[in-house]
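The block underneath contains the structure these notes are about, expressed in structure tokens.
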Amino acid sequence: MLADWPTEGLRPLWKQPVGGGYASFVVARGRAFTIEQRGANEVVAAYDVPTGRELWTNSWTAEFRESMGGDGPRATPTWSDGKVYALGATGELRALDDASGRVIWRTNILSDSGARNLDWGMAAAPLVVDNTVIVLPAGSDGHSIVGYDRATGKQVWSALGDKQAYCSPMLVTLKGVRQLLVVSATRMMGVVPGDGKVLWEYPFPTYNGINAAQPLVIGDNRVFVSASYGAGAAMIELSGGGDGFSVREVWRNTRMKNRFSGSVLRDGVIYGLDEGILAAIDAETGDLKWKGGRYGYGQVVLAGNNLIVLTEDGDLALVRINPARHEEIARFRVLEGKTWNVPAISGGYLLVRNLAEMAAFDL
């Protein structure tokens, strides 16, 4: 992977229009899958990575509109074992054949759970765990987290009554126990994958329940979580295990406030966007090491010894990982307009998109 970029920037392999929305790409078998808004339809599309050629689409009538955050689907599709699992902003969940786009099964997770949509739409990507697809419809009375059979689409379990937020569920192992890591509107918790039993919880309420940045697992027993709107960040530590987890808050402060871009960890230092400014904090103490470089509400990806930052305005920046200071190597414009979508790296390719354009680079 290129460790240094030319001053004039990287030349894209291809660049072309894309439908609206905030999803990223999931890449498998040489294909990049995403979900877009095209007119009155949500559209799952498959593209050939080296050329950008559209291979197939699958669409349905659905239109999520929201004046503050913006319109269109939010959740990045998930690929597993030849299938693409795509979730639209209004709750449509489809399992599609990755080669043809054929519908294997479909359902609506909000209707199934008697749930009202969130203010900013369904944004949590589906998570495949064993034979189930985990989603977060946020239904009350035991339908906050739901598992569907990945082959048939039949609902096999549901649990809890939390109002959910905009974080995707994660499959993690903490203290040797395999579990779902879920951040709802008011708490972060570890949950048994097969039935939703809560193993541990840490209260983390935010303004309007806007938890949107993915938590960061550190080692075998620590989790970092961060949110904007003054909430800040916290590091928690788990002890015990099985049915006997206990949670200790290691530190909490406002030195890292991730609005919707998750932070990354390298050599004991957490790097992330603190309200649009890149910052580095000590994972052990929470102390600020440095802060510099304005990137807006963009996205940060760890790539070897560097950070790739896609700015809110559509610039692509390469930042050297340096715990002592901010060290930007290159920065150039790749997309026009508001860019909140997470970059994707796979097989040496970097894929970027926003509400109107997408492009690919060979790293």
Side-chain angles (χ1 to χ4, degrees), residues 74-76 78 80 83 85-87 91-95 105-118 121-206 209-217 220-223 225 227 236 238-247:
R74 278 97 160 103
T76 299
T78 298
S80 179
K83 298 181 180 66
Y85 300 92
L87 177 65
E92 179 77 8
L93 175 64
R94 294 194 172 191
W105 55 262
R106 62 149 302 276
T107 192
N108 187 289
I109 69 172
L110 295 175
S111 300
D112 289 349
S113 297
R116 175 181 173 270
N117 204 353
L118 300 178
M122 292 283 98
L127 173 67
V128 175
V129 179
D130 302 326
N131 294 318
T132 58
V133 180
I134 311 298
V135 291
L136 307 178
S140 58
D141 192 26
H143 288 87
S144 179
I145 305 174
V146 175
Y148 290 90
D149 185 285
R150 61 183 293 191
T152 66
K154 179 182 178 181
Q155 190 176 131
V156 292
W157 68 267
S158 65
L160 306 180
D162 291 63
K163 179 183 178 182
Q164 288 294 352
Y166 307 93
C167 294
S168 300
M170 299 166 61
L171 182 65
V172 303
T173 299
L174 293 166
K175 294 296 292 180
V177 178
R178 188 170 178 258
Q179 56 195 272
L180 301 178
L181 180 58
V182 177
V183 183
S184 74
T186 59
R187 61 177 174 165
M188 180 168 64
M189 53 192 151
V191 174
V192 176
D195 60 18
K197 177 184 176 182
V198 176
L199 298 169
W200 58 269
E201 66 174 308
Y202 173 72
F204 199 69
T206 58
I210 305 175
N211 276 317
Q214 292 297 123
L216 184 61
V217 173
D220 178 60
N221 66 339
R222 289 191 174 187
V223 184
V225 63
I236 66 162
L238 301 180
S239 57
D243 293 330
F245 278 107
S246 60
V247 180

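Residue-environment remark: CG (D195) exceeds the threshold of 12 foreign heavy atoms within 6.0 Å. Within 6.0 Å of CZ in R116 there are 12 or fewer heavy atoms belonging to other residues, nucleotides or ligands.
Contact detail for G196 and A159: the closest heavy-atom pair is CA-CB, 3.6 Å. Nearest approach of L181 to V217, heavy atoms of both residues: CD2-CG2, 3.9 Å. Residues P126 and T76 share a closest heavy-atom pair of CD-O, 3.9 Å. Heavy-atom minimum distance, A124 versus A75: O-CB, 3.8 Å. Here the shortest heavy-atom pairing between L136 and C167 reads CD1-O, 3.5 Å. The shortest heavy-atom contact between P137 and A115 is O-CB, 3.4 Å.
Within the model, atoms CZ of R106 and CG of L93 stand 9.0 Å from one another, a figure rounded to the nearest 0.5 Å. Rounded to the nearest 0.5 angstrom, R222 CZ and K175 NZ are separated by 11.5 Å. Taking CG from L160 and CG from D141, the interatomic distance works out to 11.5 Å, rounded to the nearest 0.5 Å. Considering CG of L110 and CD of E92, their distance stands at 10.5 Å, rounded to 0.5 Å.
Using a 4.5 Å heavy-atom threshold, the side chains of I236 and M188 count as touching. For the pair V247/L238, a side-chain contact is recorded, criterion being any heavy-atom separation below 4.5 Å from C-beta on. Looking only at side-chain heavy atoms (C-beta outward), K83 and R150 stay at 4.5 Å or farther from each other. For the pair F245/E201, no side-chain contact is recorded, criterion being any heavy-atom separation below 4.5 Å from C-beta on. Side chains of R74 and L118 form no contact here, defined as non-hydrogen atoms less than 4.5 Å apart. For the pair S113/V146, a side-chain contact is recorded, criterion being any heavy-atom separation below 4.5 Å from C-beta on.
Judged purely by atom type and a 3.5 angstrom limit, T78 has no side-chain atom pairing as donor or acceptor with the backbone of L127. Put simply, the side chain of D220 never gets that close to the backbone of L174: no donor and acceptor are under 3.5 Å apart. A donor-acceptor contact shorter than 3.5 Å links the side chain of S168 to the backbone of A125. Side chain of R178 to backbone of L171: no donor-acceptor contact under 3.5 angstrom is found. Between the W157 side chain and the P193 main chain, a donor and an acceptor come within less than 3.5 Å of each other. Distance alone, capped at 3.5 Å, places no donor-acceptor pair between the D162 side chain and the Q164 backbone. Formation of a donor-acceptor pair under 3.5 Å by the T152 side chain with backbone atoms of K154 is found in this model.
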Subject >> Working for side chain to side chain contact (heavy atoms under 4.5 Å, CB included), residues T186 and K163 >> reply: CA-CA 8 Å; T186 59; K163 179 183 178 182; over 6 Å; no

Original post:
Does the pair Y202 and V223 meet the rule for a side chain to side chain contact (heavy atoms under 4.5 Å, CB included), with working shown?
Top reply: CA-CA 10 Å; Y202 173 72; V223 184; over 6 Å; no

**OP:** Please step through side chain to side chain contact (heavy atoms under 4.5 Å, CB included) for the pair R187 and V198, ending with a clear verdict.
**Re:** CA-CA 11 Å; R187 61 177 174 165; V198 176; 4.3 Å; yes

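Partner Y148 forms a side-chain hydrogen bond (donor to acceptor under 3.5 Å, both in side chains) with one of D112, T107, T132 and no other, that one being D112.
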